[in-house]
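The analysis underlying the following values was restricted to heavy atoms, covering all of them including side chains, and did not include hydrogens, waters or symmetry mates. Position 1 is the first residue of the sequence; numbering continues from there.
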Amino acid sequence: MVLVKTMYRNPKEYIDKEVTISGWVRTIRSSKNVGFIEINDGSFFKNIQVVFDSSLENFAEIGKLAISSSIKVEGLLVETPNSKQPFEIQAKAVTIEGMSNSDYPLQKKRHTLEYLRTIAHLRPRSNTFSAVFRVRSVAAHAIHKFFQDRGFVYVHTPIITSSDCEGAGEMFRVTTLDMKNPPVTEEGKIDYSNDFFGKEASLTVSGQLEGEIFALAFRNIYTFGPTFRAENSNTARHASEFWMIEPEIAFAELVDNMDLAEDMIKYVINDVLENAPEEIAFFNSFIDKGLLDRLNNIVNSDFERVTYTKAIEILQSSGHKFDYPVEWGMDLQTEHERYITEKVFNKPVFVTDYPAEIKAFYMRLNEDGKTVAAMDLLVPGVGEIIGGSQREERHDVLVEKIENMGLSKEDYWWYLELRKYGETKHSGFGLGFERLIMYLTGMANIRDVLPFPRTPGSAEF
Ligand code: 4AD
Ligand code: MG
């Protein structure tokens, strides 16, 4: 038996040899004496053509198979230089493993992405989702390779946590209390002392704070895991459960952080171009026509770097009429981010040094006392894919920031202690994995790059 996994990319090796392939019927047609099946075994993107003829004893039965039946084909792989497929299998035997029904929903026609979301149990078998989820897997591996090759330690930060990293209160609570009738303290707050963990616990919004602990021991670390946000944003870029990659580097400033992020994005693009070429070609033809050119441009040019203050000036002097008026101090809205990255620079842009008030408590205060050493990476088509910063390493400045933001110093006691025992400059960022996949594939909705998207009102599968 020949392992077909590498056959598609190295078919020459198998030409004129007996092969066996088990897979699902993608299309089938037959006439009196001969029939054709396009089979896909999941290990490669494109289908392989199988020719079967009436010398097979179950010829008639094969001809009646419905799409998505599973079969095993044994036969000779031959080159077919004059036809559409470069080669085909001439079947010597076709064994039917599992019949499919004629009401199989994924018939050979174009289905809308919205419809395919309603059949999340079948959509990985469609071309589009086969390509999306292969790219997702290749990109995940590329990220690990990038960091491991550079000696970064992979840290598993907790999923259940009692700290709110972003301080934005967008956490899903994890509790065994009866929340219809919870116990309350004398002050009228929910009393968690008899709860499972003995205190209020939630699903993590970010592994950063725990990542910092490890960076201050291992120097360079990264996390790569699921994160959760109970933000009720019904947009094409927000999910309630998404995956984040969070490197944290010690003895490093904001510029080192940007260099790392830029290197990583370029590395992942190159790796995906090399290891998922059929998939990227598919996206380039059917989903986003300029994709391939764009990806090639990105790896060959420098990302832009501008300060928030400069970005505001650019927006104000652009003459463009924005729905949301532009003034220093505001958070950039999607329309502003898109204008900067798509209209002004037409490439990925790091926006740095945001006003302290609109960013999280842990970001390092700049000398001007007004801005923080923050960086967001904005990319055409998607917007923000990375948020990061240099961290506030000065104990007293950090305490002041925590208090000014109405957070409690006690909740962050261990985070503050890190600033007492061998503190150093350090920096890190979070890359939204799904947003990266959107960028790599041209898919426009986050629901279509998550195998099982969780968004407000939706957790069907
Ligand atoms: O900008 P954010 O909120 O930053 C943090 O969580 C930091 N603690 C990261 C760090 O410095 N270690 O989130 C980081 C990235 C965003 O840029 C975005 O790509 C993604 O995570 N993200 C989401 N992706 C999908 N759905 C959501 N609801 C997301 N919220 C953030
Ligand atoms: Mg952000």
Pick one: which of Arg447, Arg136, His238 meets side chain to side chain donor-acceptor pair (under 3.5 Å) with Glu434? Arg136

Rounded to the nearest 0.5 Å, what's the gap from NE2 on His144 to CG on Asp149? Could you check? 12.5 Å

Could you check Tyr308, Tyr324, Tyr339 and say which one makes a side-chain contact (heavy atoms from CB on, under 4.5 Å) with Leu332? Tyr308

So does Glu313 get a backbone contact from the side chain of Ser317, meaning a donor-acceptor N/O pair under 3.5 Å? yes

With side chains defined as the heavy atoms from C-beta onward, is the minimum distance between Gln49 and Ile39 less than 4.5 Å? no

To the nearest 0.5 Å, atom CG of Asn40 lies from atom OG of Ser130 at 6.0 Å

Determine whether the side chains of Ser68 and Arg125 contain a donor N or O and an acceptor N or O closer than 3.5 Å. yes

Derivation of the salt bridge (charged side-chain N to carboxylate O under 4.0 Å, His left out) call for Asp396 and Arg419: CA-CA 9 Å; Asp396 296 350; Arg419 274 72 188 160; over 6 Å; no

How many angstroms lie between CD in Glu114 and OG1 in Thr112, if you round to the nearest 0.5 Å? 5.0 Å

What distance do Ile119 atom CD1 and His121 atom NE2 have between them, rounded to the nearest 0.5 Å? 6.5 Å

Look at atom CZ of Phe350 and say whether more than 12 heavy atoms of other residues, nucleotides or ligands are closer to it than 6.0 Å. yes

Hey, is CZ on Phe461 packed in by over 12 heavy atoms from elsewhere, all under 6.0 Å? yes

Which atom of Ile159 lies closest to which atom of Pro226, heavy atoms considered: CD1-CG, 3.7 Å

Tell me, with the steps shown, if Arg394 and Glu392 meet salt bridge (charged side-chain N to carboxylate O under 4.0 Å, His left out). CA-CA 6 Å; Arg394 296 161 296 187; Glu392 184 55 77; 2.7 Å; yes

Distance check, rounded to the nearest 0.5 Å: Phe172 atom CZ versus Leu203 atom CG? 7.5 Å

Taking salt bridge (charged side-chain N to carboxylate O under 4.0 Å, His left out) as the test, write out the residues that go with Lys289, two or more places apart. none

The test is ring pair (Phe, Tyr, Trp, His ring centres under 6.0 Å); show your working for Phe433 and Phe224 and say whether it passes. CA-CA 9 Å; Phe433 188 51; Phe224 189 171; 5.1 Å; yes

Test: Glu279 and Arg134 ion pair at under 4.0 Å: yes

Taking atom NZ of Lys145 as the centre, report whether more than 12 heavy atoms of other residues, nucleotides or ligands fall under 6.0 Å from it. yes

For Arg229, is there an ion pair with Glu241 - N to carboxylate O distance below 4.0 angstrom? no

What do the steps show when you test Thr371 against Asp368 for side chain to side chain donor-acceptor pair (under 3.5 Å), and what is the final call? CA-CA 7 Å; Thr371 59; Asp368 61 14; 2.7 Å; yes

For a quick check under 3.5 Å, do Thr176 and Asp195 share a side-chain donor-acceptor pair by atom type? yes

When every non-hydrogen atom of Gly290 is compared with those of Asn284, the smallest separation belongs to C-OD1, 3.8 Å

Could you go step by step and tell me if Thr128 and Ser126 meet the side chain to side chain donor-acceptor pair (under 3.5 Å) rule? CA-CA 6 Å; Thr128 305; Ser126 67; 5.1 Å; no

What closest approach, in Å, do Ile312 and Trp328 show between heavy atoms, and which atom pair accounts for it? CG2-N, 4.0 Å

Intermediate values then yes/no, side chain to side chain donor-acceptor pair (under 3.5 Å), Glu212 and His426: CA-CA 8 Å; Glu212 283 183 54; His426 64 285; 2.7 Å; yes

Under 3.5 Å, is there a donor-acceptor pair linking the side chains of Thr307 and Thr309? no

Is there a side chain to side chain donor-acceptor pair (under 3.5 Å) between Ser22 and Asp41 once you walk through the steps? CA-CA 6 Å; Ser22 297; Asp41 85 338; over 6 Å; no

For Glu38 and Thr27, does a side-chain donor sit closer than 3.5 Å to a side-chain acceptor? yes

Those residues at least two apart in sequence (or on a different chain) that pass salt bridge (charged side-chain N to carboxylate O under 4.0 Å, His left out) with Glu417 are none

What pair of heavy atoms forms the shortest contact from Ile437 to Val135, and how long is it? CD1-O, 4.4 Å

With a distance cut-off below 6.0 Å to the six-membered ring centre and an angular limit of 45° from the axis, does Arg117 pair with Tyr115 as a cation-pi contact? no

Asp302: side chain to side chain contact (heavy atoms under 4.5 Å, CB included) partners, not counting sequence neighbours: Glu262, Lys266

Return each pair, listed once, that meets ring-ring contact (aromatic ring centres under 6.0 Å, His included) where at least one residue sits in residues 263-289; pairs must be two or more places apart or across chains. Phe45-Phe282, Phe146-Tyr267, Phe282-Phe286

Contacts under 3.5 angstrom, residues 242-253 side chains, donor-acceptor by atom type, not counting sequence neighbours:
unit_1: Glu246; atom_1: OE1; unit_2: Ser206; atom_2: OG; d: 2.7
unit_1: Glu246; atom_1: OE2; unit_2: Ser206; atom_2: OG; d: 3.4
unit_1: Glu246; atom_1: OE2; unit_2: Gly207; atom_2: N; d: 2.6
unit_1: Glu248; atom_1: OE1; unit_2: Arg391; atom_2: NE; d: 3.4
unit_1: Glu248; atom_1: OE1; unit_2: Arg391; atom_2: NH2; d: 2.9
unit_1: Glu248; atom_1: OE2; unit_2: Arg391; atom_2: NE; d: 3.0
unit_1: Glu253; atom_1: OE2; unit_2: Lys425; atom_2: NZ; d: 2.9

Between the side chains of Glu393 and Arg364, is the shortest nitrogen-to-carboxylate-oxygen separation below 4.0 Å, so that they form an ion pair? yes

For Arg454, is there any backbone N or O sitting under 3.5 Å from a side-chain donor or acceptor partner on Ser458? no

Whether Arg435 side chain and Ile446 backbone form a donor-acceptor pair below 3.5 Å: no

N/O donor-acceptor pair under 3.5 Å between Glu166 side chain and Ala360 backbone: no

Before accepting this row, confirm whether a basic side-chain N of the pair Arg305/Asp259 lies closer than 4.0 Å to the acidic partner's carboxylate O. yes

Pair Asp448 + Arg123, salt bridge at N-O below 4.0 Å: yes

Might you work through the ring pair (Phe, Tyr, Trp, His ring centres under 6.0 Å) test for Phe361 and Tyr412, ending with a clear yes or no? CA-CA 11 Å; Phe361 71 94; Tyr412 297 96; 4.8 Å; yes

Does CG in Asp178 sit with more than 12 non-hydrogen atoms of other residues, nucleotides or ligands closer than 6.0 Å? yes

Do the side chains of Arg173 and Glu200 get close enough for a salt bridge, i.e. N-O under 4.0 angstrom? yes

Mind checking the CD-OG1 spacing from Gln390 to Thr352? Nearest 0.5 Å is all I need. 12.0 Å

Are side-chain N/O atoms of Asn445 and Arg237 paired as donor and acceptor at under 3.5 Å? no

Please table the atom pairs, donor to acceptor, closer than 3.5 Å between any side-chain atom in residues 373-383 and protein atoms at least two apart or in another chain.
unit_1: Asp376; atom_1: OD1; unit_2: Lys359; atom_2: NZ; d: 3.4
unit_1: Asp376; atom_1: OD2; unit_2: Tyr354; atom_2: OH; d: 3.4
unit_1: Asp376; atom_1: OD2; unit_2: Lys359; atom_2: NZ; d: 3.2

